[in-house]
Participant: 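Quick one: structure below, then a few questions.
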There are 2 protein chains.
Amino acid sequence: MTTIETLGRSSITDDIVIGDHRPARLLDNSQPITFFPAGSEIYAQGEKCGNLYQVEFGAVRVYRLLADGRRQISAFHMPGEIFGLEGFGTHQFFAEAICATGIRILRPSSSDRLELLPLALENLARSQEQLLVLGHQNAIERVAAFLLEMSERQGGMRLVELPMPRSDIADYLGLTIETVSRVFSKLKAKGVIRLPNLRSVELTKLKTLQNLAA
Amino acid sequence: MTTIETLGRSSITDDIVIGDHRPARLLDNSQPITFFPAGSEIYAQGEKCGNLYQVEFGAVRVYRLLADGRRQISAFHMPGEIFGLEGFGTHQFFAEAICATGIRILRPSSSDRLELLPLALENLARSQEQLLVLGHQNAIERVAAFLLEMSERQGGMRLVELPMPRSDIADYLGLTIETVSRVFSKLKAKGVIRLPNLRSVELTKLKTLQNLAA
DNA sequence: CGTTCCCTTGAGTCTCGTCAAGGACCGTGG
DNA sequence: CCACGGTCCTTGACGAGACTCAAGGGAACG
């Protein structure tokens with residue numbers, strides 16, 4: 001990736017930096033935006049951490065790899081959300097851009113330490129929610145919960161955009177892509193959802209879906 | 001539960017308070033210990049939160065209930081560990097004493113806010129670990145991981161005490177008690193573990209167990 | 001000594017993973 | 001514009017693993 005220095009401010013793209021991270025000074029909106037192409041790595045397990053990352057556009061997956069190659073996606077991050085707070089010395093996860101993604105890299109100063117607690121608690125709450133899903137839900141319940149979660153995080157719209165491929169959904173829900181696909185088909189056959197195209201879902205029977213999520 | 005006021009200091013039980021929570025002043029060791037009998041509730045979902053709880057002796061389970069009665073235990077807490085940091089306004093979980101348990105109730109002051117971040121991150125890390133287990137591990141891998149986790153948290157001993165019943169292990173690992181029991185039997189048949197009694201396990205082939213945990 | 005709770009074991013069922021094949025979408029290049 | 005290749009998605013058949021239902025055993029407690 002190459003870096004483009006920004007000098008002026010005449011367009012919205014002027015503060016976009018393509019390429020590697022640049023140090024950010026404060027937890028505010030004056031930081032430049034770094035562009036990550038689809039599939040590119042934002043940070044890797046084992047790298048030292050300390051920065052935070054705010055999604056401006058696009059989407060991010062955060063995951064770990066097991067020894068045998070299995071992958072557990074622990075979270076997706078959508079525009080507006082902040083991620084990267086996951087340990088003390090080094091990152092415990094990989095973070096990748098799912099599609100073309102703009103990231104604002106934030107370097108919290110020590111005076112921002114108190115701001116981090118709510119963030120950590122939010123991440124914790126979401127992990128716990130995920131534990132509930134992975135612990136005791138079957139395939140239909142998992143997919144239903146996933147669709148409802150995505151809908152909520154996009155403002156409760158009936159038409160939900162899914163920037164990630166089925167394989168990501170599978171690794172997030174602890175299923176296989178075949179099972180995810182089958183559940184999509186079954187929900188579609190029951191009229192609970194519509195699939196206008198591969199990457200979007202219309203929740204036509206919201207209540208039914210909520211019941212399925214249990 | 002009844003409350004016993006403490007006046008003297010002539011024995012180790014002198015600062016034990018039986019019964020409901022008493023306000024604690026600081027995050028230190030000068031707080032009284034509250035005693036909870038086996039099965040008693042420490043806090044409930046929906047209660048306002050703010051206090052922290054340190055296990056002095058015994059063990060605690062933290063869990064959520066689903067609408068249909070299924071239960072997901074999100075964590076066990078052993079002596080020395082601090083729990084109760086799980087949200088902003090109200091508790092999102094139930095906490096119960098597994099067996100006779102002594103709890104030091106801590107009321108962190110605002111100056112302790114910075115101390116909470118490491119605690120939150122630790123909880124987060126443990127949740128993520130659990131996500132890995134529930135997401136992609138089969139029954140044997142889950143039980144093996146559980147036994148190793150318990151062993152580590154008890155100082156890496158080969159003889160591990162399991163204060164909780166099989167039903168708790170099942171709800172922690174996202175399995176049924178029958179499956180947990182069958183895996184125990186299978187591990188025992190293979191000589192990987194011994195079961196001196198119901199509530200203790202000896203890890204006779206540690207390496208095999210580590211391989212099984214994958 | 002009896003009751004109760006917890007644990008173990010067995011048999012049958014069902015869900016989901018595996019393996020395999022085929023189809024849709026999308027870029028590139030002719 | 002169309003052919004082509006690759007990637008992603010869907011669907012089917014089959015089998016393994018875990019759950020359900022059911023019965024029996026063992027330890028703790030009064």
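We name chains A, B, ... by the order of the sequence lines, and we start the count at 1 in each one.
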Participant: Please report the distance, rounded to the nearest Å, between CG in B:Asp171 and C1' in D:dC19.
Facilitator: 14 Å

Participant: Using a strict threshold of under 4.0 Å (side-chain N to carboxylate O), is an ion pair present between B:Glu81 and B:Arg126?
Facilitator: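 Salt bridge: yes.
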
Participant: Could you state the CG-P distance from A:Leu162 to D:dC9, rounded to the nearest angstrom?
Facilitator: 10 Å

Participant: Can you tabulate the close N/O pairs, meaning under 3.5 Å, that link protein atoms to atoms of nucleotides 12-16 of chain D?
Facilitator:
| residue | atom | partner | partner atom | Å |
| --- | --- | --- | --- | --- |
| D:dG12 | N7 | A:Arg182 | NH1 | 2.9 |
| D:dG12 | O6 | A:Arg182 | NH2 | 3.4 |

Participant: Between B:Tyr43 and B:Tyr53, how do the two ring planes meet: parallel, tilted or perpendicular, split at 30° and 60°?
Facilitator: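 Ring orientation, 0 to 90° scale: tilted.
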
Participant: Given 3.5 Å as the limit, does a donor-acceptor pair link the side chain of B:Ser151 with the main chain of B:Arg158, or not?
Facilitator: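 Absent.
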
Participant: Cation-pi check, B:Arg166 to B:Phe184: give yes when NZ or CZ is under 6.0 Å from the six-membered ring centre and within 45° of the ring axis, no otherwise.
Facilitator: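 That pair qualifies as a cation-pi contact.
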
Participant: Between C1' on C:dC6 and CD1 on B:Ile98, what's the gap in Å once rounded to a whole number?
Facilitator: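 In whole Å, C:dC6 C1' and B:Ile98 CD1 are 15 Å from each other.
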
Participant: Could you go over nucleotides 22-28 of chain C and give all protein N or O partners under 3.5 Å, atom names and distances?
Facilitator:
none

Participant: Checking all strands, does A:Arg142 fall into the base, sugar-phosphate, or nothing category for heavy-atom contacts under 4.0 angstrom?
Facilitator: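 No contact.
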
Participant: Calculate, to the nearest 0.5 Å, the distance between atoms CG and OH belonging to B:Leu131 and A:Tyr172 respectively.
Facilitator: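 Rounded to the nearest 0.5 Å, the CG-OH separation comes to 8.5 Å.
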
Participant: Rounding to an integer number of Å, can you tell me how far B:Arg70 CZ sits from D:dC19 C1'?
Facilitator: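 Checked: the CZ to C1' distance equals 12 Å.
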
Participant: In whole angstrom, what separates B:Asp168's CG from C:dC6's C1'?
Facilitator: 12 Å

Participant: For the CG atom of A:Leu209 and the NZ atom of A:Lys190, what is their distance to the nearest 0.5 Å?
Facilitator: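 The NZ atom of A:Lys190 is 11.0 Å from CG of A:Leu209, to the nearest 0.5 Å.
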
Participant: Salt-bridged, A:Arg142 to A:Glu149, with N to O below 4.0 Å?
Facilitator: no

Participant: Show the distances under 3.5 angstrom between N or O atoms of the protein and N or O atoms of nucleotides 13-16 of chain C.
Facilitator:
| residue | atom | partner | partner atom | Å |
| --- | --- | --- | --- | --- |
| C:dC16 | OP1 | A:Ala139 | N | 2.6 |

Participant: Please confirm whether the backbone N or O of A:Val160 pairs with a side-chain atom of A:Ser200, one donor and one acceptor, at under 3.5 Å?
Facilitator: no

Participant: Over 60° means perpendicular and under 30° means parallel, so tell me whether B:Phe83 and B:His77 are parallel, tilted or perpendicular.
Facilitator: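 Plane angle under 30°, so parallel.
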
Participant: Would you say that A:Gln154 contacts A:Leu159 through its side chain, given a criterion of any heavy-atom pair below 4.5 Å between the two side chains?
Facilitator: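 The answer is no, as the side chains (C-beta and beyond) never meet within the 4.5 Å cut-off.
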
Participant: Please report the distance, rounded to the nearest Å, between CD1 in B:Ile177 and C1' in C:dT8.
Facilitator: 9 Å

Participant: Given atom NZ of A:Lys186 and atom P of D:dC9, what is their separation to the nearest angstrom?
Facilitator: 20 Å

Participant: Look at A:Glu96 together with A:Arg71 and state whether they make a salt bridge at an N to O cut-off of under 4.0 Å.
Facilitator: no

Participant: Let me know the distance between CD1 of B:Ile193 and C1' of C:dC7, rounded to the nearest Å.
Facilitator: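 Rounded to the whole Å, the gap is 14 Å.
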
Participant: When we call it a touch if two heavy atoms are under 4.0 Å apart, what does B:Ser185 touch: a base, just sugar-phosphate, or nothing?
Facilitator: sugar-phosphate

